[in-house]
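Here's the structure, in structure tokens; my notes come after.
Count residues from 1 along the sequence. Every number for a ligand or one of its atoms is a count from 1 in the order of the listing. From a predicted model like this one, the values you see are computed outputs, not experimental measurements.
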Amino acid sequence: MPENSKLRSLLTDAAERGVRYRESVADRHVAPSAEAVTDARKFVEPMPAEGSDDKAVLSMLDEVGSPATVMMTGPRYFGFVIGGSLPVTVATNWLTTAWDQNVGMHEVTPATSTLERVAMDWMIDLFGLPTACAASFVTGATVANFTALAAARNRVYTNIGWDVEANGLIGAPAVTVIVSAETHPTVIKSLGLLGLGRNRVVRAAVDSQGRIDIKRFPDIDGPTIVCTQAGNLNTGAFDPVGEICEIAKPAGAWVHVDGAFGLWAAASKDREHLCSGFAAADSWATDAHKWLNVPYDSGIAFVRDTAALKSAMSITADYLMTETEFRNPSDFTPELSRRARGVDVWAALKSLGRDGVAEMIDRCCSHARRFAGAFREAGFEVLNDVVLNQVLVSFGDDIRNREIIDEIQEEGTCWCGVTVWQGKTAMRISVCNWSTTEKDVDLSLQAMLEIASRIS
Ligand SMILES: Cc1ncc(COP(=O)(O)O)c(C=O)c1O
């Protein structure tokens with residue numbers, strides 16, 4: 001076959017397999033069968049000395065791999081905080097993979113770098129952040145937290161006359177880091193990676209929903225970074241960031257907001273009050289692969305102090321075109337080479353528009369309330385105030401909860417995880433997927449309640 005027809009045949013085969021997979025996600029068991037998981041062992045072999053036919057490689061991936069996947073992108077996956085992927089973003093992701101651009105420098109990837117710039121401006125507008133913010137397109141909220149906190153470290157040390165980029169932290173003066181007692185572990189990990197220490201944080205006390213309790217907020221004395229949260233991963237609750245800024249900003253502290261999924265509440269008229277006063281903070285981290293429903297991986301850091309972010313992230317070298325009048329993507333990210341992840345964000349926002357994003361957020365929150373109402377009506381305890389898309393349900397004691405959740409996962413109509421909230425074991429439901437309908441909620445409830453009544 002001539003080279004181009006081989007290429008066409010291979011990529012068309014991949015597209016058709018991808019389409020078949022996506023067409024089936026709503027009807028398949030959410031968890032893979034034990035047999036499919038065992039079959040995935042077929043991938044485990046010594047590195048072959050000779051290569052294989054490309055079509056055979058693709059076919060093996062689909063025939064062995066696809067059945068062993070979890071229907072994370074389907075409408076009844078409620079585990080962790082996992083978005084699906086809007087069809088348009090899968091399509092643009094495929095096309096940008098075909099482009100295979102390295103989005104390090106504007107000069108060599110003008111299309112992707114321009115699209116990222118547009119996506120950045122649209123998100124800043126959508127979230128109501130300061131217009132002069134810079135944004136970094138990174139792998140996820142973990143790296144977005146890391147990136148924003150690197151800028152925080154740079155600014156706080158510069159303010160006390162210590163050049164942390166040049167001299168590192170050995171012999172540096174101490175900086176206080178205040179985090180919520182309910183901070184996400186990726187914030188703690190980011191602090192460790194930045195040399196600020198996982199254990200030398202001051203933990204601010206929280207209330208019954210996991211929000212920082214402003215009445216018990218620690219005193220700020222000296223150079224300080226405060227890490228707050230928009231959307232607790234269990235309850236969905238928001239720290240009172242506006243009130244924290246009123247205390248922390250006059251004291252010269254840097255305020256960071258981890259809004260991995262919660263920041264998207266700012267897009268909804270009915271939920272923007274949860275983000276009230278957030279624009280006064282200094283940096284914000286979020287994920288597009290959660291509630292915006294773009295393919296993995298896609299996180300974004302926003303930083304008000306562009307100079308601090310650039311001096312923490314940018315590099316120069318004679319062979320790199322780092323001098324440009326345009327925004328040079330790698331000036332803002334830990335990576336130099338990376339994929340064009342901003343294109344999927346642009347595609348989602350262009351396809352949904354402002355109203356579509358708001359409607360998607362509201363729809364997920366309404367599904368969460370439907371779950372909570374049905375569980376309460378059936379006599380089970382809902383442990384959180386359902387302010388967003390997260391629901392915590394308890395079926396009784398620890399053993400009973402775990403048995404029921406195991407059975408729900410195995411039965412396969414839907415998938416939810418287990419958590420422990422303030423000492424109580426619970427099932428955690430997170431509604432993040434664009435394609436979840438009321439019918440999916442009801443189907444899931446029917447399966448869950450049937451299992452709960454069977455396991456006494
Ligand atoms: C509040 C919060 N922060 C950070 C993260 C980490 O995000 P990622 O896994 O995209 O790095 C999560 C993940 O669920 C989260 O809920």
Q. Between F302 and W284, is the gap from one ring center to the other below 6.0 Å?
A. no
Item checked: Ring centroid separation W415 to F80 under 6.0 Å -> yes
- Would one find an N or O of G140, backbone or side chain, under 3.5 Å from an N or O of ligand 1? no
In terms of residue, atom name and distance, what is the protein heavy atom nearest to [atom]?
atom: atom 4 (C) of ligand 1; result: T186 OG1, 3.2 Å
atom: atom 3 (N) of ligand 1; result: D258 OD2, 2.7 Å
atom: atom 11 (O) of ligand 1; result: T142 OG1, 2.5 Å
atom: atom 5 (C) of ligand 1; result: H184 CE1, 3.4 Å

Check this for me: D397, atom CG, are more than 12 non-hydrogen atoms of other residues, nucleotides or ligands nearer than 6.0 Å?
yes
**Message:** Using a 6.0 Å cut-off, check whether atom NZ of K249 has over 12 heavy atoms from anything other than its own residue.
**Reply:** yes
Heavy atom under 4.0 Å from ligand 1: found in [X]'s side chain, backbone, both, or neither?
X: A260; answer: side chain
X: F261; answer: side chain
X: D287; answer: side chain

May I ask you to say whether D125 pairs ionically with R354, meaning some side-chain N is under 4.0 Å from a carboxylate O? yes
Which of D287, N145, V143 passes side-chain contact (heavy atoms from CB on, under 4.5 Å) with V138? It is V143
Filtering Q229, K189, K290 for the heavy atom nearest atom 8 (P) of ligand 1 leaves K290
Shortest non-hydrogen pair, P295 vs R339, comes out as O-NH2, 3.9 Å
